[in-house]
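Comments concern the structure below.
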Amino acid sequence: MQVDVTGPERGSVIAGIDGSKPAHRAALWAAQEAVRRGTALHLVHGADTDSRALYVSVETIERVRRTGRELLDDTAQAVTEQHPDLRVTKEFSRSGPVPSLRRAAARYGTIVVGNRGLGGFNSLMLGSVGLKVAAEATTPVIVVRGAEGRGDTDVVGVALPGDHHHGIGRQRGRGGGLSPG
């Protein structure tokens, strides 16, 4: 198992994780995409502890940090069980999820997120983090969705103009990469 705590490499696939089932499915899909591309997978957990430090106890902040690091470890383990030769890096960020993902992707990464997070509005088709990442994107963003127990996963990509226009379309199913839409 190759798991590092370093940053992403140029062209990496960046997966945002938050402990939700959709984020876990997105991380596994991102791993398949990274294998297909021959690049690393970079897992990011944006805990947003910096903005909360004034309002919660030191013990709470430490618990959030410990939980976030465990989540990264568990997700990396799940990925490497399915893709033992894939290079996986992990990043625990004290910033919020959106700036953490954008910073990790920089100019050359592709961001992958689940369609829903841990928020309480289950009727929404896209969670707030996915929406904000896609709306403010400077690199390709892929939103993975699928219901628990279903054999398929929908992938909806946001194609960007200019240097990052990859002709990302829609793909159904677990295998293979994105095809032009």
* So do the side chains of Arg87 and Leu41 get within less than 4.5 Å of each other, counting heavy atoms only? -> no
* Asked: Gly109 and Pro140: which non-hydrogen atoms are nearest, and at how many Å?
  -> O-CD, 3.8 Å
* Structure fact -> When rounded to the nearest 0.5 Å, the distance separating OG1 of Thr75 from CD of Glu70 is 11.5 Å
* Asked: Would you say Arg65 and Arg94 make side-chain contact, with heavy atoms under 4.5 Å?
  -> yes
* Asked: Do Val144 and Asn115 have side-chain heavy atoms sitting under 4.5 Å apart?
  -> no
* Look up atom CZ in Arg37 and atom OG in Ser12, then write down how far apart they are to the nearest 0.5 Å. => 9.5 Å
* To do: Take Thr139 and Tyr108, measure what side-chain contact (heavy atoms from CB on, under 4.5 Å) needs, and give me the verdict at the end.
  => CA-CA 7 Å; Thr139 61; Tyr108 303 106; over 6 Å; no
* To do: With the side chain counted from C-beta on, respond yes when Val44 and Ile17 share a heavy-atom pair under 4.5 Å apart, and no when they do not.
  => no
* Asked: Where the side chain of Thr80 meets the backbone of His83, is there a donor-acceptor pair that is under 3.5 Å apart?
  -> no
* **CG-CG distance between Asp48 and Asp50, expressed to the nearest 0.5 angstrom** => 8.0 Å
* Should Val79 and Leu86 count as side-chain neighbours, where that means a heavy-atom distance under 4.5 Å? -> yes
* Would you give the length of the straight line joining atom CD of Gln82 to atom CG of Leu28, rounded to the nearest 0.5 angstrom? => 5.0 Å
* Would you say Thr67's side chain and Val64's backbone share a donor-acceptor pair under 3.5 angstrom? -> no
* Side chains of Arg102 and Thr138, donor plus acceptor under 3.5 Å -> no
* Compare every heavy atom of Ala34 with every heavy atom of Ala40, then report the nearest pair and how far apart it is. => O-CB, 3.8 Å
* Asked: Rounded to the nearest 0.5 Å, how far apart are CD1 of Ile14 and CG of Leu43?
  -> 9.0 Å
* Could you tell me whether a side-chain N or O of Ser100 sits under 3.5 Å from a main-chain N or O of Gly96, the two making a donor and an acceptor? => yes
* Asked: Looking at side-chain heavy atoms only, is the closest gap between Phe92 and Leu72 below 4.5 Å?
  -> yes
* Structure fact -> Closest heavy-atom pair, His42 versus Ala104, reported as atoms and distance to 0.1 Å, is CD2-CB, 3.9 Å
* Spacing of CD belonging to Glu91 relative to CZ belonging to Arg69, to within rounding of 0.5 Å -> 11.5 Å
* Asked: Does any non-hydrogen side-chain atom of Arg103 lie less than 4.5 Å from one of Ser95?
  -> yes
* Asked: Hey, are the side chains of Ile111 and Ile142 touching, using non-hydrogen atoms and a 4.5 Å cut-off?
  -> no
